[in-house]
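Just so it is clear, the values below take in all heavy atoms, side chains as well, and ignore hydrogens, waters and symmetry mates. Each chain gets a letter, A, B and so on, in the order its sequence line appears, and its residues count up from 1.
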Protein chains: 2
Amino acid sequence: MREGPDIARIASLVGDPARANMLNALMGGTALTASELALEAGVSLPTASSHLSKLIEGGLLTVASQGRHRYYGLAGPQVAGMIEAITGVAEAVGPKRVRPGPRDRAMRVARVCYDHLAGEQAVAMLDRLVAKNVLVRDEQQIRLGPSAASHFAAIGIDVYTKPRRPVCRACLDWSVRRSHLAGTLGAAILDKILAEKWARREKDSRAVIFSPPGKQAFERVFLS
Amino acid sequence: MREGPDIARIASLVGDPARANMLNALMGGTALTASELALEAGVSLPTASSHLSKLIEGGLLTVASQGRHRYYGLAGPQVAGMIEAITGVAEAVGPKRVRPGPRDRAMRVARVCYDHLAGEQAVAMLDRLVAKNVLVRDEQQIRLGPSAASHFAAIGIDVYTKPRRPVCRACLDWSVRRSHLAGTLGAAILDKILAEKWARREKDSRAVIFSPPGKQAFERVFLS
DNA sequence: CGCATAGTTCGTTCCTCATCGAAGCATTCT
DNA sequence: AGAATGCTTCGATGAGGAACGAACTATGCG
């Protein structure tokens, strides 16, 4: 009978299958309408609406009205990180995974995590950036290294533009159980990958699929 | 309607208040018995047992039988990380902390934790005993120091009487987030506090309320 | 305006699951 | 052996909450 932050309240919000599906769908980073989320969750519109108000009320989602549409999105990277953490446990503990299909495989390699890149590629990238001393990490903290500004400027990313959110954050990867790069820098890198058309997003999925030349370019820039 | 790891299943396990309390109690890293967890969660033993089997079944907990005791512990650091992540969101999202009432305040200062003392007083006591080298701790382990036997004999506590249970154990304090002393020694000290009438137990509560002279005596013996 | 689309609110139904008492095992103490 | 402790299982009860249809509000379109 203890005090403290009400973790049961938060967890029970995620603990309903319909709501979990909605949150999962929103991990793609794009805000979705109530109808789209109802479809994703496999429930009727009234039911979805009820769930959505609970998620808003609980602080996990934000909503933006645009005309007669209401766009729902994750409340922030911290929420995304929590979902990733839960996904990791579910994966590890998970019921005897059937053999991973091609989509699972793609997800494992590279996927969107809210607004940045996750998966093996992302983990490898962070490792490399740290090894090159572009980024410096101690424990869960990640900071810009001395050569960070010039390094990223060379590929068209300004690390100082957005002061509000932390530039670097570590985000635990459920498929690899190691950290990848989040924060505004992580988001900027994902933007670049998509803008340069190195990769495309799989429809209705979080998977990010690199084209062969795109993968080469990515490796040249971030893994060399 | 997407596939993937069953995050709702995991989250709903954490989403019950009783189970959340248990998990929280186990975040200290020390395994606890079913009875202790029932007390922590504020439910009856059968209810706790039911919850515990669900947590085991769900892969969040492991259990180790030791004689007629069954020690429950978190299944691993990944699970602990998930709880931390959820706690972080709950903390960020739920700032509606009511101001602590008088009973909460008393609970914070001193309360019963199963069979030993918890709260600020208990944490201070353990700190002091370690500082005086009466007890020796490394990490979560606590052992008797060289002067322990004579020190406790002087106040009428024989540290060698009950061999079955561990003499010293660390127990994480939710109000202070630091360890206090459990085990037979912790129990013996609580017994002494109550026997000497330094303090009384609040009815239907875990709070332990020291009388002014009782508090002085306690401080003289354990905090000097 | 009227009609269509997007979403919320209401009321009802239904089912899961948390809860506890009582009884049943298992282990240890005497 | 018998008693005591620690814990689990069983069965009954009850409350919460997820679900949807129908009705209601709001925005956009012709």
query: Where do B:His51 and B:Leu37 land on the side-chain contact (heavy atoms from CB on, under 4.5 Å) test, with the steps shown first?
result: CA-CA 10 Å; B:His51 284 308; B:Leu37 289 167; over 6 Å; no
- prompt: Is there a side-chain contact (heavy atoms from CB on, under 4.5 Å) between B:Tyr72 and B:Leu32 once you walk through the steps?
  reply: CA-CA 5 Å; B:Tyr72 291 88; B:Leu32 299 174; 5.9 Å; no
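- Side-chain proximity of A:Ser35 to C:dT8, D:dT8, C:dA6: nearest is C:dA6.
- Among all heavy-atom pairs drawn from A:Ala80 and A:Met27, the shortest one is O-CE, 3.5 Å.
- If you take CG of A:Leu55 and C1' of D:dA18, they are 13 Å apart, rounded to a whole angstrom.
- Of the possible polar contacts, none joining the B:Arg200 side chain to the B:Ile209 backbone as a donor-acceptor pair under 3.5 Å is found.
- Note: B:Leu126 CG to B:Leu181 CG = 5.5 Å, rounded to the nearest 0.5 Å.
- Atom CD in B:Glu36 sits about 8 Å away from atom P in D:dC7, given to the nearest Å.
- Distances shorter than 4.0 Å separate none of the side-chain N or O atoms of B:Arg70 from OP1 or OP2 on C:dT27.
- In the helix from C:dC1-D:dG30 to C:dT30-D:dA1, the terminal helix axes, each the rotation mapping four pairs' C1' atoms onto the next four within five end pairs, subtend 20°, rounded to 10°.
- One atom, CD1 of B:Ile56, and another, C1' of D:dT8, lie 13 Å apart when rounded to the nearest Å.
- Looking at A:Phe210 and A:Val109, their side chains never come closer than 4.5 Å, going by heavy atoms from C-beta outward.
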Which atom pairs, donor and acceptor, lie under 3.5 Å between side-chain atoms of residues 211-222 of chain B and protein residues at least two apart or in another chain?
| from | atom 1 | to | atom 2 | distance (Å) |
| --- | --- | --- | --- | --- |
| B:Ser211 | OG | B:Trp198 | O | 3.4 |
| B:Ser211 | OG | B:Gly214 | N | 3.0 |

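- Between A:Met22 atom CE and D:dA18 atom C1' the separation is 12 Å, expressed in whole Å.
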Could you pull out all donor-acceptor pairs under 3.5 Å where a side-chain atom in residues 53-60 of chain B meets a protein atom, sequence neighbours excluded?
| from | atom 1 | to | atom 2 | distance (Å) |
| --- | --- | --- | --- | --- |
| B:Ser53 | OG | B:Ser49 | O | 2.8 |
| B:Ser53 | OG | B:Ser50 | O | 3.1 |

message: Generate the contact string for nucleotides 9-23 of chain C. Rules: B means base contact, S means sugar-phosphate contact only, - means no protein heavy atom under 4.0 Å.
response: B--------SSBBB-
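- The main-chain N or O of B:Leu13 is found under 3.5 Å from a side-chain atom of B:Arg19 such that the two form a donor-acceptor pair.
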- request: Scan nucleotides 24-30 of chain D nucleotide by nucleotide, 5' to 3', and note B when protein non-hydrogen atoms come under 4.0 Å of the base, S if they reach only the sugar-phosphate, - if neither.
  value: ---BS--
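- For B:Ser65, the side chain to side chain donor-acceptor pair (under 3.5 Å) criterion is met by B:Arg70, not counting sequence neighbours.
- Summarising the geometry, the separation between OH on A:Tyr72 and C1' on C:dA6 is reported as 10 Å, rounded to the nearest angstrom.
- The structure places CG of B:Leu23 at 6.0 Å from CG of B:Leu61, a figure rounded to the nearest 0.5 Å.
- Side-chain nitrogen and oxygen atoms of A:Tyr71 include none within less than 4.0 Å of the OP1 or OP2 phosphate oxygen of C:dG7.
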